Visitor: 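Structure in structure tokens, see below.
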Amino acid sequence: MATQTPKRFEWRLDIEVLIATIMAPSMVFLVSTALSVALPAIQRDLGASGTDLIWTVNAYSLLQAAFIFLSGSFGDHYGRKRVYLIGIIIFGLSSLVCGTTNSAAVLILGRAFQGVGSGMMITCSLAIVAAFFFHHRRSWSIGVWSGFTMLISGAGPILGGWLTELGMWRMIFLINVPLGLVACLVLIAYVPESYDEDAPKGLDISGTFLSTMALMLSGFFCIEGPRRGFDDPLVLLSGLAAIATLPAFLWIEGHSDHPMMPLNLFRSRTFTGANTLTLLLYGAMNSVLFFLPLSLIQVQRYSAAAVGFALLPMSVFMVALSFVMSRVLDRFGPRLPLIFGPLLISLSFVLLATLQPHSGQDTYWTTLFPAICLLGIGMGVTLAPLTTAVMASVDEHHAGMASGLNNTVSRSAQVLAIAVMGGIVLALFKQTLLSDPTVTALPSDARALLSAESVKLAETSLPAELSPLVRSRLQDLIRQAFSDTINVIMWIAAGLSLLSAVLSALLIERELPFPE
């Protein structure tokens, strides 16, 4: 009996370490996927504009991208458990702010701090798993971590839709407070501290700062330009500063002893191609998954809960194919999947571009369902080979840096894509709405009000003095204009995905070296 006690203790410790490292990142994935379904309700309850919604997502993604890189280095130097714990506390407190505020501006600020905490948690949770579990148990533990976080991501839209239907969208944020407290207690009690004794002593603070500023400035230019006007001094200054920041960033990375983005890695054709694919594909997918729930709820009259279930096939196919793709990669390598997967994704976006305002819940099986299934299959075929291509194109010494860089690229793609696509949506919707003969025939004060209200997109308010017939026509016009605008985004995303397939054929090598 005495010889079995340590084994039982070891097994219990394994479970408790996994609970601590899975629970906190699960909060991140849950909020991220559930929020997309709740955004229309948040817009309505807080009186938020379309610009506010875009900043709600981008403020989070921007800070998350910056801290994914920084917190990996901080964890190596100052302790992964310590940095992870700080990340949980920041995420929990900012979730409390997001769940209790009645101001769109405060929500955006809270989301920015959530991005800081989430970047720290995601990076350090996996680092703790890798440090605690050894050899064969490491693959098992990472598989458990990935499986649970993927399942929770898939459940996010369903939970978000259900809570939104009950008028409780705030619980999407508030549920993180008790979950974070439990994660902290388990972490403190059972998880040992770990460091990287061989980690470089310096941190590329200047490179991280410049890259974050470039994303922030370009995001401000794309999002605020349609609202303020591109001739606005602040908008012009942000655009010029973003352009000027790029060569400064490249110069620092080329001369730094410990760069966040070693330029010599891009000598590999496959590494360059895989990260370019990441930028294009994640940009296309994230912009579609941001605007699609808005269109389904505000235009096609889906309920929030119905949207959660409507998107479920995408998650099911992604999870199922993740177990299959390892055998495909062993036999064929990543090149063929990285051609075939983006083609399927492009086709799914083409199908989504055909959705019209009358394509409601009753037409789901013939309109939305095929497109969502194709999207899930395409993503399931693509994502694992994309990661494999990145990791197989560098030597082991640069594996962690390559992984961190690719993660940063994927989140930067989300920031840039939603900013650029959001700017296009704001400008195109306003132009489509105001140029319609029904609007041009209105009195000047009514046109001015519609112009000012157009930043709310499908939630645009109508002048009170209009007749019932004109109001009905304008409501139909707003729905049609928003639907047409979203369809343009779908076509752009389809083009980006198609370009990704072409670049895969040109840049991804047929046989990867998989360096030792």
Side-chain angles (χ1 to χ4, degrees), residues 32-40 50 53-54 56-58 60-61 153-154 156-157 160-161 222-223 277-300 302 307-318 341-357 359 364 367-383 386 410-426 428-429 457-458 482-501:
S32 298
T33 54
L35 190 63
S36 61
V37 180
L39 282 176
L53 293 186
I54 295 169
T56 298
V57 174
N58 267 5
Y60 172 86
S61 301
S153 297
C222 295
I223 297 170
L277 260 65
T278 300
L279 185 68
L280 296 175
L281 271 179
Y282 275 81
M285 291 186 297
N286 282 303
S287 56
V288 166
L289 294 176
F290 175 80
F291 287 109
L292 179 61
L294 290 173
S295 178
L296 293 177
I297 293 172
Q298 295 178 330
V299 175
Q300 297 174 36
Y302 277 68
V307 171
F309 282 102
L311 299 178
L312 182 60
M314 178 179 68
S315 300
V316 170
F317 278 111
M318 285 179 59
L343 287 176
L344 290 178
I345 294 173
S346 180
L347 180 58
S348 72
F349 293 156
V350 171
L351 293 178
L352 290 174
T354 64
L355 295 178
Q356 296 299 321
S359 303
Y364 168 74
T367 56
L368 186 60
F369 179 71
I372 292 299
C373 289
L374 271 179
L375 179 57
I377 294 170
M379 292 170 69
V381 168
T382 302
L383 298 186
L386 189 56
S410 67
R411 283 155 179 82
S412 301
Q414 178 178 351
V415 174
L416 290 173
I418 293 179
V420 173
M421 298 290 198
I424 292 173
V425 167
L426 290 167
L428 188 56
F429 174 79
L457 300 174
F482 190 58
S483 177
D484 292 343
T485 301
I486 297 303
N487 288 346
V488 171
I489 298 303
M490 299 300 173
W491 282 110
I492 295 174
L496 292 174
S497 302
L498 183 60
L499 179 59
S500 299

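Predicted, not measured: the structure shown is a model, and the values here were computed from it. Residue numbers run from 1 in the order of the sequence given.
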Visitor: To the nearest 0.5 Å, what is the distance between CG (L416) and OG (S287)?
Guide: 11.5 Å
Visitor: Answer whether the closest heavy-atom distance between the side chains of L277 and Y282 falls below 4.5 Å.
Guide: no
Visitor: Does F309 have more than 12 heavy atoms from other residues, nucleotides or ligands lying within 6.0 Å of its CZ?
Guide: no
Visitor: Would you compute the distance between atom CG of L375 and atom OG of S348 and round it to the nearest 0.5 angstrom?
Guide: 4.0 Å
Visitor: Does any non-hydrogen side-chain atom of I424 lie less than 4.5 Å from one of I492?
Guide: yes
Visitor: Donor-acceptor check, side chain of S500 to backbone of L496, threshold 3.5 angstrom: yes or no?
Guide: yes
Visitor: Would the distance check show the side chain of N487 and the main-chain N or O of L355 forming a donor-acceptor pair, the cut-off being under 3.5 Å?
Guide: yes
Visitor: In Å and rounded to the nearest 0.5 Å, what is the CE to CG distance from M490 to L292?
Guide: 4.5 Å
Visitor: Please step through side chain to side chain contact (heavy atoms under 4.5 Å, CB included) for the pair D484 and F429, ending with a clear verdict.
Guide: CA-CA 8 Å; D484 292 343; F429 174 79; over 6 Å; no
Visitor: Pick from L53, V299, L294, L426: which one makes a side-chain contact (heavy atoms from CB on, under 4.5 Å) with L457?
Guide: L426
Visitor: To the closest 0.5 Å, what do you measure between OH (Y302) and CG (L368)?
Guide: 4.5 Å
Visitor: With a 4.5 Å heavy-atom cut-off, do T367 and Q356 have their side chains touching?
Guide: no
